[in-house]
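Reviewing the structure listed below.
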Amino acid sequence: KCYARYVAMPDTIKLLEPNSFESSMIQVMRVNAEKIKSESFNICTQLKELHLGADVEHINGAFGCNRELSSFELSPQNKHLVKCGKFLMNADRTHLVLYVQSPEETSITIPEGVERICSGAIQGKSTLTKIELPKSLKYIGSQSFLMTRIEEIHIPANVSMITGQAFHYTLKRVYFHSSVPPKHRGLIFNVLPSGANEFHIYVPKGCSDIYKQEFKKYSYYIKECEIDPEVRNEKKATKPLMNKAFYDELKAEIR
């Protein structure tokens, strides 16, 4: 709850622990820490500008309720993250770390190839009413869509995990496409009593029983629809690595 408006940190700082600046009044933040942990900037309702340095390597769910965030800058020398328009991603473009909404935006399409939407990834004005998710998506983090006003969303078949409070209470229709429901942690849907009659979860034909077993808290809302079930591309099992000590000894013997 610091009242400072501008914060610039020296490069000697390597880590921001969880909740480092939670509920502070900062408007401009310059940071070059290697790791920025969960909720570091949570409920920073005045934060407008974020400047990330060359050393920032890992950001895990650092954002939440940043309604005024209008821009972020990434150092051109940063080799760990990449800025793609309004998207901040990891270098492989598989993790969506941050997306900054502008007030006039009502819809976005998350690029194909993204596998993980990190916690609190979408920040800014609550104007989005339509989001198209890529088929490559596997993981939806907590509060990913909390700063939106979407009423309908389609969950691709490859999504295998959804974590707590991922969706805003405006959500009315959820369409799952996998024959097997994703795992989930916590309360993922915010259903208000006043909107309970409008909220529905639609699942593929013949899959209602297995979805009701996984989503027991939401079984009342689950209905089958004319969606053909799709098979999830499960991660292939990898062979266990050889014992390192034995491997080093074997290499030395070969030499």
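Note that these values count all heavy atoms, side chains included, but never hydrogens, waters or copies made by symmetry.
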Could you state the interatomic distance from [atom1] ([X]) to [atom2] ([Y]), rounded to the nearest 0.5 Å?
X    : Y    : atom1 : atom2 : result
L137 : N158 : CG    : CG    : 8.5 Å
S38  : N19  : OG    : CG    : 6.0 Å
H168 : N190 : NE2   : CG    : 8.0 Å
I122 : S119 : CD1   : OG    : 12.0 Å
C207 : D228 : SG    : CG    : 10.0 Å
L69  : M29  : CG    : CE    : 11.5 Å

Suppose we screen for side-chain hydrogen bond (donor to acceptor under 3.5 Å, both in side chains). Which residues come up paired with Y99, at least two apart in sequence or across chains?
E105
Would you say L133 and Y139 are hydrophobically clustered, going by side-chain heavy atoms of ILVMFWY under 4.5 Å?
no
Could you pull out all residues at least two apart from R173 that satisfy salt bridge (Lys or Arg N to Asp or Glu O under 4.0 Å)?
E152
Any side-chain heavy atom of [X] sitting closer than 4.5 Å to one from [Y]?
X    : Y    : result
P111 : F87  : yes
I222 : V203 : yes
R67  : M147 : yes
S160 : R232 : yes
Y218 : I188 : yes
L15  : K37  : yes
L128 : R149 : no
Y211 : S219 : no

Does either side chain, that of [X] or that of [Y], offer a donor lying less than 3.5 Å from an acceptor on the other one?
X    : Y    : result
E151 : T129 : no
K86  : S102 : yes
E224 : S208 : yes

Under 3.5 Å donor-acceptor, [X] side chain and [Y] backbone:
X    : Y    : value
Q143 : A166 : no
T170 : I150 : yes
S136 : V114 : yes
S24  : C2   : no
D92  : N90  : no

Parallel, tilted or perpendicular: which fits the ring planes of F189 and F215, with parallel below 30° and perpendicular above 60°?
tilted
Pair R116, K138 - check side chain to side chain contact (heavy atoms under 4.5 Å, CB included), show working.
CA-CA 6 Å; R116 184 185 185 99; K138 299 178 181 178; over 6 Å; no
Show me the donor-acceptor pairs within less than 3.5 Å that the side chains of residues 45-63 make with the rest of the protein, sequence neighbours left out.
{"residue": "E49", "atom": "OE1", "partner": "H51", "partner atom": "NE2", "Å": "3.2"}
{"residue": "D55", "atom": "OD2", "partner": "N32", "partner atom": "ND2", "Å": "3.0"}

What pairs of residues pass the salt bridge (Lys or Arg N to Asp or Glu O under 4.0 Å) test when at least one of them lies in residues 180-203, not counting sequence neighbours?
K172-E198, K183-E214
List, by chain and number, the other hydrophobic cluster members for Y202, where Ile, Leu, Val, Met, Phe, Trp and Tyr join if side-chain heavy atoms come within less than 4.5 Å, directly or indirectly.
Y175, I227
If you group Ile, Leu, Val, Met, Phe, Trp and Tyr whenever their side-chain heavy atoms sit less than 4.5 Å apart, what else falls in with L192?
Y169
